[in-house]
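The sequence lines fix the lettering, A, B, ..., with proteins before strands; numbering per chain opens at 1. Both backbone and side-chain heavy atoms feed into the values below; hydrogens, waters and symmetry mates do not.
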Amino acid sequence: MNRIAPILLDWYARSGRDLPWRRTRDPYRIWLSEVILQQTRVGQGLGYYLRFTERFPDVCSLAAASEDEILKLWQGLGYYSRARNLHAAAREIVGRFGGEFPAEPDALRSLPGVGDYTAAAVASMAFGLPYAVLDGNVFRVLARLFDVEVPVDTGAGRRIFVELAQSLLDTERPGTYNQALMDFGALLCTPAQPRCGECPLAGCCLALAAGTVALRPVKQGRTKVRERWFHYLHISCEGRTLLCRREGRDIWQGLYEFPLLETEGPADFPALAARSDFRELLGDAEWRLVGTVVMPRHQLSHQTIHATVYRIETPSLSAAAAALAVDTAAVGDYAVPRLLERYLLEYDG
DNA sequence: AATGCGGGGAT
DNA sequence: ATCCCAGCATT
């Protein structure tokens, strides 16, 4: 065994967090927590985990649910493909694996939404198998301990870290070790202002010795942000509201929203009303514009959404429009993007 | 190897 | 503003 593991485990026993998914070895709950926590902080995901386990205590109940209900419970958490994959994977567990989770990473990896990280997490934490997890915390901690200069977001870098992480693993208690390493990264070896002064590994941290802690890990990735202009038509007709389900390969897939007109840049209402898709929706009806709400800019990781909501009232709907209408009171049953949720809370009661 | 996918918190 | 977070799927 290496020097690192016992120190990490000792620190974890004293300073680790008490989290609900650490109090079970049920692979369903561990899998669920891991999917919720993909690219998501513990503080943000905790409430979702509690609500999901309350509503869906086992994989069968999750498999039996509708995708819309799962998306509604997922609303606000982001990366909605996780929710759709969660549903599909639950059905595969029931249908293909007889309701029992497989233990080996290769089999887990075959489930939708389960990649290298989640497969290793479930295999080690639920089944005690010796697989090291590799997530953002592990990259950072190892890059610092060994002062690794190779960028983590490249194939070569990834291979180095896979090897390093696996070589350090405590194969006697892989699940506890993995959680200890991640907690260590989340609480002590943080991205900014790590607490090296109270770090039990300071004595063997090569980056600390070299003064490069703030430079590790090295990443080469650059993100460019696209701007988009969304114009929503909030159409009310006799207590009913028009909603559409987002399809295709775009943001918010599977969520509901008002009928949307997108433009390449800023646009005013007359320009929208002249479009064919607008006239298809409202052409013949006696509609009137009763309000315009310019939403605050909505920032996603790779997109900035400029959204405006046009409130429109009409006494009658075309057949095409009527097919999209739901009762105003039922709008709350549909999962909507945060942007629309804010609008509904702020401007619509 | 690159790209797209959310939303929130920390700095 | 920028970065990051218990990553994954697609191209």
Can you tell me how far [atom1] in [N] sits from the matching atom in [M], rounded to whole Å?
N	M	atom1	result
B:dG8	C:dC8	P	22 Å
C:dA6	B:dC5	P	23 Å
B:dG7	C:dT10	C1'	22 Å

Starting at atom [atom1] of [X], determine the distance to atom [atom2] of [N], rounded to an integer number of angstrom.
X	N	atom1	atom2	answer
A:Gln220	B:dA1	CD	C1'	9 Å
A:Gln299	B:dG6	CD	C1'	11 Å
A:Leu187	B:dA10	CG	P	13 Å
A:Lys219	C:dT2	NZ	P	16 Å
A:Tyr80	B:dC5	OH	P	13 Å
A:Phe230	B:dG6	CZ	C1'	13 Å
A:Glu341	B:dG6	CD	P	15 Å
A:Gln253	B:dG6	CD	P	9 Å

Salt bridge (Lys or Arg N to Asp or Glu O under 4.0 Å) partners of residues 289-298 of chain A, not counting sequence neighbours, each pair once: none
Given 3.5 Å as the limit, does a donor-acceptor pair link the side chain of [X] with the main chain of [Y], or not?
X	Y	value
A:Asp153	A:Gln220	yes
A:Arg84	A:Glu67	no
A:Thr190	A:Leu187	no

Which residue lies more 5' along DNA chain B, comparing A:Leu255 with A:Thr154 via nearest heavy atoms: A:Thr154
Position toward the 5' end of DNA chain B (nearest nucleotide), A:Pro337 or A:Ala156: A:Ala156
Sugar-phosphate only, base, or nothing, as touched by A:Arg342 at under 4.0 Å among non-hydrogen atoms: sugar-phosphate
Sugar-phosphate only, base, or nothing, as touched by A:Asn178 at under 4.0 Å among non-hydrogen atoms: nothing
SB check A:Lys72 A:Asp333 (cutoff 4.0 Å): no
Carboxylate-amine/guanidinium proximity below 4.0 Å for A:Arg338 and A:Glu341: yes
Ring pair (Phe, Tyr, Trp, His ring centres under 6.0 Å) contacts touching residues 88-132 of chain A (sequence neighbours left out): A:Trp31-A:Phe101
Phosphate OP1/OP2 of B:dG6 contacted by A:His302 side-chain N/O (<4.0 Å): no
Short side-chain N/O contact to B:dG4 OP1/OP2 from A:Gln303, under 4.0 Å: no
From A:His298, A:Glu227, A:Arg228, residue fulfilling side chain to side chain donor-acceptor pair (under 3.5 Å) relative to A:Gln303: A:Arg228
Closest nucleotide among C:dC4, B:dC5, B:dG8 to the A:Gln44 side chain: B:dG8
Protein-to-nucleotide contact annotation, 5' to 3' order, nucleotides 6-11 of chain C [B base; S sugar-phosphate only; - none; under 4.0 Å, heavy atom]: BBSS--
